[in-house]
Amino acid sequence: MEALLRPASSLSLPAFTALFNEGYEGYVIPFRVDEATVRWMLDSFDIDADASRVAFHGDEPVGFANLARRADQAWVGGVGVVPSARRQGLGEQLMRAVHEEAQSRGVATVRLEVIDRNEAAFLLYEKLGYVVEREVEVWTLSADVAGGSAREVPAPQAHARIRALRNWREPWQRDDGTLAHFDDVRGLETESGAALFRVTGVVQLLQIAGDDSEELLRTLRQHGTVSVLNLPVDDPSADSLRTLGAAAVVRQREMVLGLEPHH
Ligand SMILES: CC(C)(COP(=O)(O)OP(=O)(O)OC[C@H]1O[C@@H](n2cnc3c(N)ncnc32)[C@H](O)[C@@H]1OP(=O)(O)O)[C@@H](O)C(=O)NCCC(=O)NCCS
């Protein structure tokens, strides 16, 4: 059946949420979102609903690709096709459409992450020209009241310290552009390091830099179970997490595609 593509902004939030869940059916990790989560993702990650695309079979939405955008950088924040419509070229069509939208908006680089066991998605991205840039992991560190001695400081102070120390690119979901949407970011500092975190049931470590990652992590786990999203495998704090007995629960490939300038 011929599919018609429309901007994601043409779907209501409830319809888009339903499509999100159907598109992720059978995903390597069970994944379900509610409307509040979808709204939160759209806001926090700067997903551009006009540049994102939904595929329709008649009136029925059957697939989507979300494009997030900050200046000339973009990120694919979810792509999914409902099981009955897979392997008909829709995923590819949706991705090519959001690349065109990105290009026409001056985007130079698109990135995304794909879980290492998601062969279908990985092959799709390879076919589109994406290459693996680095590997990242999701970590969980259990709570421990014994704790460390990093001191809490205003978030802007810790953030300035991190920016001065770091020489890497943060993953999109923990990048400065994402943090700018949060009003509950807290800061930690030691003599030679700093961290940013927020407590949302779990303690989300948002950014960390400097030589004291073990001390910073010990302090953080006093607040509860610590979760770190998409930490590059060669990040120095990955060693500290390992030393403290944390588990890497998911491994992902971060992939990148360069776009030709639009004429
Ligand atoms: C990944 C997904 C979006 C692909 O959508 P799709 O419409 O089935 O993909 P297409 O038919 O456009 O396939 C395009 C290319 O992707 C690759 N591909 C897609 N599904 C594949 C599969 N099951 N096995 C192997 N390769 C596959 C192939 O390279 C294919 O090209 P080909 O047809 O020339 O072989 C779909 O499987 C899906 O929704 N999965 C669940 C959600 C998900 O994993 N999202 C990605 C998160 S990173």
Subject >> Arg186/Glu152 ion pair, N-O < 4.0 Å >> reply: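 Salt bridge between Arg186 and Glu152, a charged N being under 4.0 Å from a carboxylate O: yes.
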Subject >> Pairing of Asp50 and Arg6 as salt bridge, 4.0 angstrom limit >> reply: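 Answer for the salt bridge query: no.
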Subject >> Arg111/Gln73 under side-chain hydrogen bond (donor to acceptor under 3.5 Å, both in side chains): CA gap, chis, key distance, verdict >> reply: CA-CA 8 Å; Arg111 290 193 171 81; Gln73 302 292 302; 3.0 Å; yes
Should [X] and [Y] count as side-chain neighbours, where that means a heavy-atom distance under 4.5 Å?
X: Arg151; Y: Leu188; result: no
X: Met41; Y: Phe20; result: yes
X: Val256; Y: Thr109; result: yes
X: Glu101; Y: Arg96; result: no
X: Arg70; Y: Asp175; result: yes
X: Leu11; Y: Phe56; result: yes
X: Arg161; Y: Val153; result: no

**OP:** Check step by step if salt bridge (Lys or Arg N to Asp or Glu O under 4.0 Å) holds for Glu254 and Arg169.
**Re:** CA-CA 12 Å; Glu254 203 179 53; Arg169 181 180 47 75; 2.9 Å; yes
Subject >> Met95: which of Val110, Leu112, Leu90, Leu257 passes side chain to side chain contact (heavy atoms under 4.5 Å, CB included) >> reply: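 Between Met95 and the candidates, side chain to side chain contact (heavy atoms under 4.5 Å, CB included) is satisfied uniquely by Leu112.
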**OP:** Using side chain to side chain contact (heavy atoms under 4.5 Å, CB included) as the criterion, point out the one residue from Leu205, Thr225, Leu141 that pairs with Leu220.
**Re:** Leu205
**OP:** Could you please spell out the steps behind the salt bridge (Lys or Arg N to Asp or Glu O under 4.0 Å) verdict for Asp48 and Arg105?
**Re:** CA-CA 11 Å; Asp48 180 341; Arg105 288 164 171 81; 3.5 Å; yes
Subject >> Pair Gln157-Glu189, side-chain donor/acceptor within less than 3.5 Å >> reply: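 Note: Gln157 and Glu189 side chains meet the donor-acceptor criterion.
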Original post:
Going from CG on Leu19 to OH on Tyr24, what distance comes out if it is rounded to the nearest 0.5 angstrom?
Top reply: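 Output value for this atom pair is 11.0 Å.
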**OP:** Output, in order, the C-alpha distance, side-chain angles, deciding distance and verdict of salt bridge (Lys or Arg N to Asp or Glu O under 4.0 Å) for Arg134 and Asp235.
**Re:** CA-CA 11 Å; Arg134 60 183 181 183; Asp235 190 296; over 6 Å; no
Original post:
Taking it one step at a time, do Asn230 and Gln252 satisfy side-chain hydrogen bond (donor to acceptor under 3.5 Å, both in side chains)?
Top reply: CA-CA 7 Å; Asn230 295 343; Gln252 305 208 87; 2.8 Å; yes
Original post:
Is Leu124 reachable from Val81 through a run of I, L, V, M, F, W or Y residues, each pair having side-chain heavy atoms under 4.5 Å apart?
Top reply: no
Original post:
Between Phe45 and Trp75, is the ring centre distance below 6.0 Å?
Top reply: yes
Original post:
With a cut-off of under 6.0 Å to the ring centre and 45° to the axis, is Arg253 in cation-pi contact with Phe122?
Top reply: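 Yes, Arg253 lies over the aromatic ring of Phe122.
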Original post:
Can any side-chain N or O of Thr219 pair as donor or acceptor with the backbone N or O of Ala150 at less than 3.5 Å?
Top reply: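 Yes.
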